[in-house]
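Convention: sequence-line order gives letters A, B, ...; per-chain numbering from 1.
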Protein chains: 2
Amino acid sequence: MSDTAPPAPAFPPDDGLLPAIAQDAATGEVLMMAYMNAESYAETLATGRAVYFSRSRKKLWRKGEESGNVQLVQAIYLDCDLDTILLRVDQVGGAACHEGYKSCFFRQVAPEGLKIVGERVFDPAEVYKKK
Amino acid sequence: MSDTAPPAPAFPPDDGLLPAIAQDAATGEVLMMAYMNAESYAETLATGRAVYFSRSRKKLWRKGEESGNVQLVQAIYLDCDLDTILLRVDQVGGAACHEGYKSCFFRQVAPEGLKIVGERVFDPAEVYKKK
């Protein structure tokens, strides 16, 4: 047994959530940012798939559980303050965003407003069908 | 005058803060994550330099004001929910992290603990000298 546990992210005592950034392992593109609690982080480590905590639904969010677009985790990094998590992932299906874009950051701030610059990979109406 | 203002990030009514990710414009490396309020976002747009809000110091944080390592903003993106900001920046001095590393995410989670994988650019003791 080791006498020191590997340092874990410093999940805060209040809501227990830390931001987690998902970056495309191949291209470096930032795909999305979501939140993790200790349980979702542990499940991510254990399964190798990104698991977040949904603040709106107040439960674990196994990314891709509905769309099939899971994120296969290639590497995890912690920042200097241990309060932000960075995942390098292979994004199955090619799109991280529920709106069908590769990245959630598909709009650029421009003088005239927001300009769509991202690549749309799927039609959300097709993927998130009512069952 | 335009009849619609460009959509702004949805700064929340409680603490007014949104996460902002800084990514190296040239390499795509994720450099850091910090927080912005409406004022710091507006100053970032106006000046072209990244300005955050320091949660610990509770005031605007003009990145690089002490170290000189300012971030020149090349592009700004908003995510699908308008609640995360992504900056592509030129990092002056080559290091975003106050610990002297290029990226704050200089440690990778490994089975045996955290492994330093980042590149150290400067010695913090030299840069943040007491005045």
Given G28(B), C80(B), G118(B), the one with more heavy-atom pairs under 4.5 angstrom with chain A than any other is C80(B)
- Do side-chain atoms of R62(A) reach the backbone of A50(A) as a donor and acceptor pair under 3.5 angstrom? no
Nearest heavy-atom contact between A34(B) and W61(B) is CB-CZ3, 3.7 Å
Applying a strict 4.5 Å limit to non-hydrogen atoms, the region of Q108(B) in contact with chain A is both
* Asked: With a 4.0 Å cut-off, would you call E43(B) and R49(B) a salt bridge?
  -> no
Are L87(B) and L60(B) connected into the same hydrophobic cluster when the rule is that any two of I, L, V, M, F, W, Y join if their side-chain heavy atoms are below 4.5 Å apart? no
Listed by number, the residues in residues 88-104 of chain B that come under 4.5 Å of chain A (heavy atom to heavy atom) are C97(B), H98(B), E99(B), C104(B)
Scored by heavy-atom pairs under 4.5 Å with chain A, the best of T27(B), T84(B), D83(B) is T84(B)
By side-chain hydrogen bond (donor to acceptor under 3.5 Å, both in side chains), D15(A) pairs with (sequence neighbours left out) none
So, the part of L86(A) with a heavy atom under 4.5 Å from chain B: the answer is both
On a heavy-atom basis, the closest approach of M33(B) and F105(B) is N-CE1, 4.3 Å
Output for pair (R57(A) CZ, Y52(A) OH), nearest 0.5 Å, gives 13.0 Å
Is there a chain of hydrophobic side chains (I, L, V, M, F, W, Y, each step under 4.5 Å between heavy atoms) that links L82(A) to V109(B)?
yes
Bottom line for L78(B): the part with an atom under 4.5 Å from chain A's heavy atoms is both
Practice problem: Ignoring hydrogens and angles, state whether a donor on the side chain of Q23(B) or Y77(B) is under 3.5 Å from an acceptor on the partner side chain. | Solution: no
Cut-off 4.5 Å, heavy atoms of chain A, and the answer for L45(B) is side chain
